[in-house]
Amino acid sequence: MSNIKPGREVMVVGVGLHPFGRFPDKDLGDLAIEAVLSALEDAGVKWKDVAIAYFGHVYYQGMSIGETTLSKLGLTGVPIVNVENACSSGSTAFWQAYWGITTGLNDIALAFGAEKVPRGPVTVTAEDAPERYIGGDHMMAGYALRGKRYMEETGAPATALAEVSVKARKNAAMNPYAHRKDTYTIEEVLNSRMVADPLTLFQCCPTSEGGAAAVLCAREDLAKYGIDESRAVSIAAAVLTSGDYNGRGADHSAFSPYRTEPAAIQAYEMSGLGPEDVDLVQVHDAATIGELQQIEALHLFPFGEAWQGTVEGRTALTGDIPVNTDGGLLAMGHPFGASGIRMIHETVTQLRGEAGFRQVANARVGVAQCSGAGDVTTVHILRKG
Amino acid sequence: MPSMPDSEQSGNPISVDPTRLKLTSDDASTGTLIGFHCKDCDTTVFGTAVFCQACTSRNLEAVELGVKGILYSYTIVRIPPAGWPGNVPYVLGQVELPQGPQVLAEVIGCEYDDLEIGMEVEMTLQAVSAENGGPDKAVYKWRPA
C-alpha cells in the first residue's frame, strides 16, 4: 500500500489510438506515433508542453525505443521512460504519469504504448527454461485451468463462457479500431478450434499490433495550457500491485484468478467510490473466463455469479453494468503495451459521451482493470468532470 | 557436436529442474518433489526459496514434498506452446500437494473421460530428449494414483 496520498487532481485531457490488427508494413514507432499525435491533438496540447513521457511495451525492438520514437516529434530534452510490465505495461505507464503529476513533479505527462506481438501461443519464461519441458508455461492453458475449475465450482455451462465472446464481438462491431469486427453466435464460438479445453479459439484474445496514448494534466494547470476543461476526465484512483502470497505459490497466473481484488479494494478506498457507483468497466479479458473472474474480483458481482449476470445480459451495452464496451481484448485484440491505455481510451470516450453507437447512457464513473504476468494488476477509476 | 564432460556421459537423465525435483535413483526412475518449509509461519513452497514467500522470513528448511497430490483442475491442450517436446494434445494438470502448494505438470496414463477434479494422482518420471543435445531430462508428470 502506498503511503503517499494523492495531491493535485489529475485529468485525462486527450486520448488516441492506432487501430488494432496486423500491420506488416509498419514498425513499432509508426504505431506509437499515430496514437501519440492523435492524443495530443485531442488534448489540444503541444508536444513541447509535455514534461515527461512513459512508453509501455514488452517485446524487444531495440534499446530506448521510446526515445527514438518520440524523437520524430522533435528533441525537447524531456525525460522518457521505457516501461515493461507484461500485459500491464501500458496501464503501468499511465499509473506512473498520474503519480508524477499528482505529486507535483510535472504538469503534463504522456503515457503511450505500442506492440507488435508475434503470432502463436504466448509464453512467459525464457526459451531454455524447464517450463518448456514441463508444459505449464502457456497463457491460455492457464486460463483454461481457471475455467475448468470455475465451471466445476459454480455450475457455469460452456455456453456462459461463450456468451462473453459473443458480447465482445457485438460491441466491437461498432468500433472502427477493433482487430475483429465480425459477430458470431454461441454455437460458432463453441465450435471454433479447441485451444485448451474448455477454451476454444474464439474465447482467446488475438495477439495483435496497435498503439494507444493518453495525455494527462493537473486540473489546476488546465487553463495555463489552454486545455478544454469540459472534455477532461478526472482520475479518481490509480493503483498498481504485484502478487502477494496466496498460499499456493505465485509461479503461474493459473494459481491466482482473483489477484485483482486487493488492487480493487485499494482503488475504491482511494476514490471514495464503491462498486455501486460504477457505470461501466473495462477488464482484462484475455480469455472469456478472465472477464468473469475480474468483474467478480472488482466486487461488481458476487464470487461465482458473474456468469449468470452475463447470461442475463447485465454486462451488455444495454445492461446495468456494461463490461468491455469497446470489444475488450477478445475483439480489440491484444498488443500488450497498448492494451492498458486502450482501456483508458474507451473509458474516457464513454465518460465524454462520445462513444457513438456504443455509448452507455448516463455514464459518470468507469473502471479500467489490466492484468499482467507476474501477477501485475492495475486498477484505474475515472470520473466525469 | 562438441564432446560432453565426463560427468554427463553416464547416459542417465538429469532432473529437469533440480530446484523442484530431486532424483532418488541413479537411473532417474524415482524421485521426489522438493521445496522449503518456513519454520516461522509454517508455509511450504514448491521449488527454491531463500526468503519465505508468505512472511519473508529466512528461517527456512529444505523439505521433500513427496509424490502425491489431488487434481485441482486440468485442461487438454490442443495448441501447444512453442518448443513443447511432447505429444499433442496433452493433458495439463494443476495438482494440490498435501502441504499446500500447487504443481503444474502433464497428466499421463489417463483417458480423457476418466479425468476428474478431486482425483488422487501421483508423480511419475519420464525421460525427455534435451532440446540442444546433452543428457535427457527427467521430467515430473502426474498419473492416476
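These numbers come from the heavy atoms of this one structure, side chains and all, not from hydrogens, waters or symmetry mates. Residue numbers start from 1 in every chain, and the chains themselves are labelled A, B, ... in the order their sequence lines are given, proteins ahead of strands.
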Between B/V128 and chain A, with a heavy-atom cut-off of 4.5 Å, which part of the residue counts as in contact: side chain, backbone, both or neither?
side chain
Under 6.0 Å from the CG atom of B/N87, do we count more than 12 heavy atoms belonging to anything else shown?
no
Would you give the length of the straight line joining atom CG of A/L199 to atom CD1 of B/I79, rounded to the nearest 0.5 angstrom?
11.0 Å
Part of B/V139 lying under 4.5 Å from any heavy atom of chain A:
side chain
Pick from B/A54, B/A82, B/P89, B/G83: which one has the most heavy-atom pairs with chain A under 4.5 Å?
B/A54
Is B/E116 paired with A/K148 through a side-chain N to carboxylate O contact shorter than 4.0 Å?
no
In this structure, are over 12 heavy atoms from other groups packed under 6.0 Å from B/K22 atom NZ?
no
At a 4.5 Å cut-off on heavy atoms, which part of B/A130 comes close to chain A: side chain, backbone, both, or neither?
both
Select one option (side chain, backbone, both, neither) describing which atoms of B/S129 are under 4.5 Å from chain A's heavy atoms.
backbone
So A/I134 and B/R20, do their side chains get closer than 4.5 Å, heavy atoms only?
yes
B/Y112, part contacting chain A, at a heavy-atom distance under 4.5 Å
neither
B/D26 CG: over 12 foreign heavy atoms closer than 6.0 Å
no
Do you know which two heavy atoms are closest between B/L92 and A/G135, and how far apart they sit?
CD1-O, 3.7 Å
Could you tell me which non-hydrogen atom of A/Y133 sits nearest to which non-hydrogen atom of B/W84, and how far apart they are?
O-CZ3, 3.3 Å
Kindly indicate whether the side chain of B/I117, heavy atoms from C-beta on, has any atom under 4.5 Å from the side chain of A/R149.
yes
So how far is it from B/R78 CZ to A/L201 CG, rounded to the nearest 0.5 Å?
13.5 Å
Does the side chain of A/D137 reach to within under 4.5 Å of the side chain of B/P81, using non-hydrogen atoms?
no
Might you confirm whether atom CD of A/E153 has over 12 heavy atoms from other residues, nucleotides or ligands at distances under 6.0 Å?
yes
For B/E61, is the CD atom crowded, meaning more than 12 foreign heavy atoms sit under 6.0 Å from it?
yes
Would a 4.5 Å heavy-atom cut-off, applied to side chains only, mark A/E131 and B/L104 as touching?
no
Side-chain touch A/H138/B/V77, heavy atoms, less than 4.5 angstrom:
yes
Whatever's closer than 4.5 Å to a heavy atom in chain A on B/P80 counts as backbone
So CG of A/D197 and OH of B/Y74: to nearest 0.5 Å the spacing works out to 6.5 Å
